[in-house]
2 protein chains.
Amino acid sequence: MDRRSAEKDDEASAKERPTLKTLAFMTGLGVTTVSRALKDAPEIGAETRRRVQLVAKQIGYRPNRAGVRLRTGKTNVISLVLNTEREIMSFVSDIIYGVSEVIADTPYHLIVTPYSRSQDPLDPIRYLVETGSADGVIISRTQPNDPRARYMLERGIPFATHGRTDMGLVHPYHDFDNYAFASEAVRHLAGLGRRRLALVTPPVGLTYYDHTVNGFADALSEVGASEVPFNTVSIDHTIEQIRTRTAQLMRRDNRPDGIVSCAAAATLAVVAGIEDAGLKLGRDVDVVSKQSSELLHLFRRELLVVNENFRLAGSELARAVLGWIGGKEPGSLQSLSTPGEVLPYRG
Amino acid sequence: MDRRSAEKDDEASAKERPTLKTLAFMTGLGVTTVSRALKDAPEIGAETRRRVQLVAKQIGYRPNRAGVRLRTGKTNVISLVLNTEREIMSFVSDIIYGVSEVIADTPYHLIVTPYSRSQDPLDPIRYLVETGSADGVIISRTQPNDPRARYMLERGIPFATHGRTDMGLVHPYHDFDNYAFASEAVRHLAGLGRRRLALVTPPVGLTYYDHTVNGFADALSEVGASEVPFNTVSIDHTIEQIRTRTAQLMRRDNRPDGIVSCAAAATLAVVAGIEDAGLKLGRDVDVVSKQSSELLHLFRRELLVVNENFRLAGSELARAVLGWIGGKEPGSLQSLSTPGEVLPYRG
DNA sequence: TCAATATACTGAAACGTTACAGATTGCCAA
DNA sequence: TTGGCAATCTGTAACGTTTCAGTATATTGA
C-alpha cells in the first residue's frame, strides 16, 4: 500500500524528536508537502493541509530552529543590548518582562547582549549584525546622533530604540516624554512657591538629557523661576558622589529650594545630601523625582513623584521591532509615553 | 596549479560572510582540514594549522551557529529561567550581569526564558529540554523538592540552581547562607537588647524559606529570645500588604522589638508600617534587613543591613553550568556564599 | 480528440558544519 | 624492493529546513 519503507531514523521514532521527515512518513506524503502544508501554502489541498496539521499537533511537532535558521537565515531572536554598568536596575528587569510579554506567543526568543563601560557601544551591534545573530535589536541609552542606529539603518536590520534620535532618520522608538516631565515638575514646584530650582540630569550625551534640560529651562522661564546650576552630577554618578555634591550644593548661600531628579536611586542620594546639610525635605526644599517602582513614597513621604513605566516601554519596543520585521513602516512604529501628573504623598 | 576553480559563491566573497568553504578556497585546503585545523585537531600539520588560523583571523571568520547547532546539537546557549511576577527586581539585573561577565569570552549566548505566575514552573523547562534550545539552564526560586531539578537530572541536561534542593540528588548550585544570615541577625538584635523578634520570611515553599526560618529559630533559643509570629506576610507579598500587616502587628500589645527582613523592598514596607503605628525605628524596634544594592542606609540610617551579592551569584551559577557542560563533576560545582556581618549605619 | 492548463504533489539541492571512511605520501624495517 | 605504518589530508554524507524545478493527474477549451 505505502511505497515508502520504514527508514532507519524513523523506526525508533518513539523517542526522538519529530521532524518533517517523521511527519512525511506518518502521513505518507513528501517532506516538501508537509513543510508547505504546515505554513498554509496555497498549492496544498485543503484536506491534506488539515490532516498534516492535525498529525503535527498530535505528536507535538516543533520546527527545528537550527534547520530553519540555516536554510532561511531567520533566527527568531530579538536581542536586547544593555550596558552592564550604567543601566538603571529596575529598567533591566522591567524591560525584559515587557519584551517577554509580547514575544511570549511568538516563536521569538530573547537574548541579552551586554557590553561594558570600556567597550565601544557599537561593538555588540557589529557582532550581532555581522554574525546575523538576531532578526531584531533593541537598544537603550540612545543618543541624538546615534552611531548604532545609523549602522543598523545602513545594514537594514530592524531595531527599536528606547529614546529618540535626532539625525533626520526615521526608525521605530519608544520614549517617555521627558520634556513634559521636567516642565511639569518645574511648574509643580513653582506652584509650591519654589523659585530657585536645580536639576539632577540624565547622563550627558543621551537624547533624553536634552529633552529634560529643555523642558526644565522652558518651564523655568515660563513660571519666572531661576535655575541653580548643578552640572557636577547626573544620575549616572555614584550614590556617594551625588550625595556629597548635593550636600555641598545645599550648604551654599544661594541653594536651591526645589530639585528635579530623573531617577529614583539618585533621588535617595539627593535626599541624603539634603539632610546631611541639615535641611528638611518639604520645608526647606521640595524634590520631584521620576520613579519606576512605587517605592519612593515609602522613603520620604514628602517626596513628589512621577511614574515611568519601563515594562510598558519593553512591550512597546518589542511590538515595534516585531512590526518592522513583519514589514510595517518604521515611521508608524514610534510611540511616546506621556507622564502622569506629579503625585504628592497619599495616605 | 590549483585544481580547484573559483566557485560561484566565493567569487563575490568580498561582501558575504566567510564560511569554511571560503577559508578552504583561500588556503587551497579541503573544508574538513580547515574545520579541524581551527579546532586544533591532532592530525593536522603544525604549519597548516597556523596558516589556517592566521587566515581565519585575518578575514574575521566566525563559525555559523546554525550550522554547528544543526550538525552537532550544540546550541552554545545558556538559558536563565525567570518568574516574571515574583523575582526580586535587582536580582534580575544583577544576575544577568553576573552571568554575562562569565560567558563574555565564551561562544555562549544568554537567553532569558520567562514564565508567569499562572504557569507551571516546569513548562519553560520542558520547552527548553524538548526543543533542545539550550546547553545549560539556570533556575531560581528553588524548592526543597524541586520538580525542575529532578526533570533536568533525568534528562541529563546541565543546570544550576540558585538555592539548594533537598532531594538527596546532587547537582550544581549557588546559594547564600540564609541560615547564617537569619541567625546572625537574631544574635545582633539580641546584642542590642531586643527580646521579642519577628521574621519577614522568604516565600513559603522555597528552600531558603526553610533555611531562614531554621536559622532564626535556632538563634532565638540560643540567645533566649522569643518569636513574635508574623506568618501573614512574606517578601512575595505586595508592598501594601506588608505595610498594613506590619502596622497591625506593631499595634498589638506584645509587638516585636526586633524584626528580621529578607528583602530590601519588603523592608521599606516594614518600616513604613512601623511608622504608621507611631513607633520609631532604632528606639522602639530595630530592623535587620538583607539588601542587594546599598540603598537601605539612605532610607533610614537606623536600619541594620546584610549585603547579598546577586552579581556574584550570577557568575557562580554561570561558572557552574559551564563547568558541568565541560564535563566537571556536578558535586564539585556547588558554592555557598557566607553573609558579611550585620552593618550599622556608617557616616 | 488533443493540447493547454490548473491542481496537488514530489525529489533534489542547498544553507554551514562535523564525522566517517578513505586516500595519498613518505619513511622505515625486513 | 616491498609491505606496513604513521602523518596529513580529502570527499561525502548527514543534521532539518525551504526552494527550485519539476511530475503526475484531472480539467478545461476548441
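Letters A, B, ... mirror the listed sequences (proteins, then strands); counts begin at 1.
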Rounded off to whole Å, could you give me the [atom1]-to-[atom2] distance for the [X] and [N] pair?
X: A:R17; N: D:dT17; atom1: CZ; atom2: C1'; answer: 12 Å
X: B:R71; N: C:dT17; atom1: CZ; atom2: P; answer: 13 Å
X: A:E47; N: C:dT7; atom1: CD; atom2: P; answer: 18 Å
X: A:R69; N: D:dT17; atom1: CZ; atom2: C1'; answer: 14 Å
X: A:L23; N: D:dT18; atom1: CG; atom2: P; answer: 12 Å
X: B:F25; N: D:dT10; atom1: CZ; atom2: P; answer: 14 Å
X: B:E43; N: D:dT10; atom1: CD; atom2: C1'; answer: 12 Å
X: B:K21; N: D:dT10; atom1: NZ; atom2: P; answer: 16 Å

Inset, instruction - Flag yes if more than 12 heavy atoms outside A:E154 fall under 6.0 Å of its CD atom; otherwise flag no. - result: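 Result for CD/A:E154: enclosed.
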Nearest to the side chain of [X], which nucleotide is it out of [options]?
X: A:T32; options: D:dT17, C:dA21, D:dT19; result: D:dT19
X: A:L70; options: C:dG16, C:dT17, D:dT18; result: C:dG16
X: A:L20; options: D:dG16, D:dT17, D:dT8; result: D:dT17
X: A:N64; options: C:dA21, C:dA19, D:dG16; result: D:dG16
X: A:T72; options: D:dT18, D:dG16, C:dG16; result: D:dT18
X: B:V31; options: D:dT18, C:dT18, D:dT17; result: C:dT18
X: A:L29; options: D:dC9, C:dT10, C:dT18; result: C:dT10
X: B:T19; options: D:dC20, C:dG16, D:dT17; result: C:dG16
X: A:T33; options: D:dC9, C:dC9, C:dC15; result: C:dC9

Inset, instruction - Please confirm whether any donor atom in the side chain of B:T48 sits under 3.5 Å from an acceptor in the base of D:dT8, or the reverse. - result: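 For B:T48, whose side chain was compared with the base of D:dT8, there is no donor-acceptor pair (under 3.5 Å).
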Inset, instruction - Scan A:R36 against the nucleic acid and name what it touches under 4.0 Å (heavy atoms): base, sugar-phosphate only, or nothing. - result: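 Base contact.
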Legend entry - Nearest-nucleotide 5' precedence on DNA chain C, A:R49 against B:A66: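 Its nearest nucleotide being more 5', the pick is A:R49.
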Legend entry - Name of the residue among B:H171, B:R148, B:Q143 meeting side-chain hydrogen bond (donor to acceptor under 3.5 Å, both in side chains) with B:T165: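 Per the side-chain hydrogen bond (donor to acceptor under 3.5 Å, both in side chains) rule, the option paired with B:T165 is B:H171, out of B:H171, B:R148, B:Q143.
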Contact between [X] and [Y] at the side-chain level, heavy atoms closer than 4.5 Å - yes or no?
X: A:L82; Y: B:Y97; answer: yes
X: A:I78; Y: A:I325; answer: yes
X: A:R69; Y: A:S133; answer: yes

Inset, instruction - Compare side-chain N and O positions of A:K39 against OP1 and OP2 of D:dT18 and report whether any pair is under 4.0 Å apart. - result: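 A:K39 to D:dT18 OP1/OP2: side-chain N or O found under 4.0 Å.
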Inset, instruction - By nearest nucleotide on DNA chain D, pick out whichever of B:P42 and A:V68 is the more 5' one. - result: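 Looking at DNA chain D, the more 5' nearest nucleotide goes with B:P42.
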Inset, instruction - Please work out which of the three classes, parallel, tilted or perpendicular, describes the rings of A:H162 and A:H174, given edges at 30° and 60°. - result: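 Rings of A:H174 and A:H162: parallel, under 30°.
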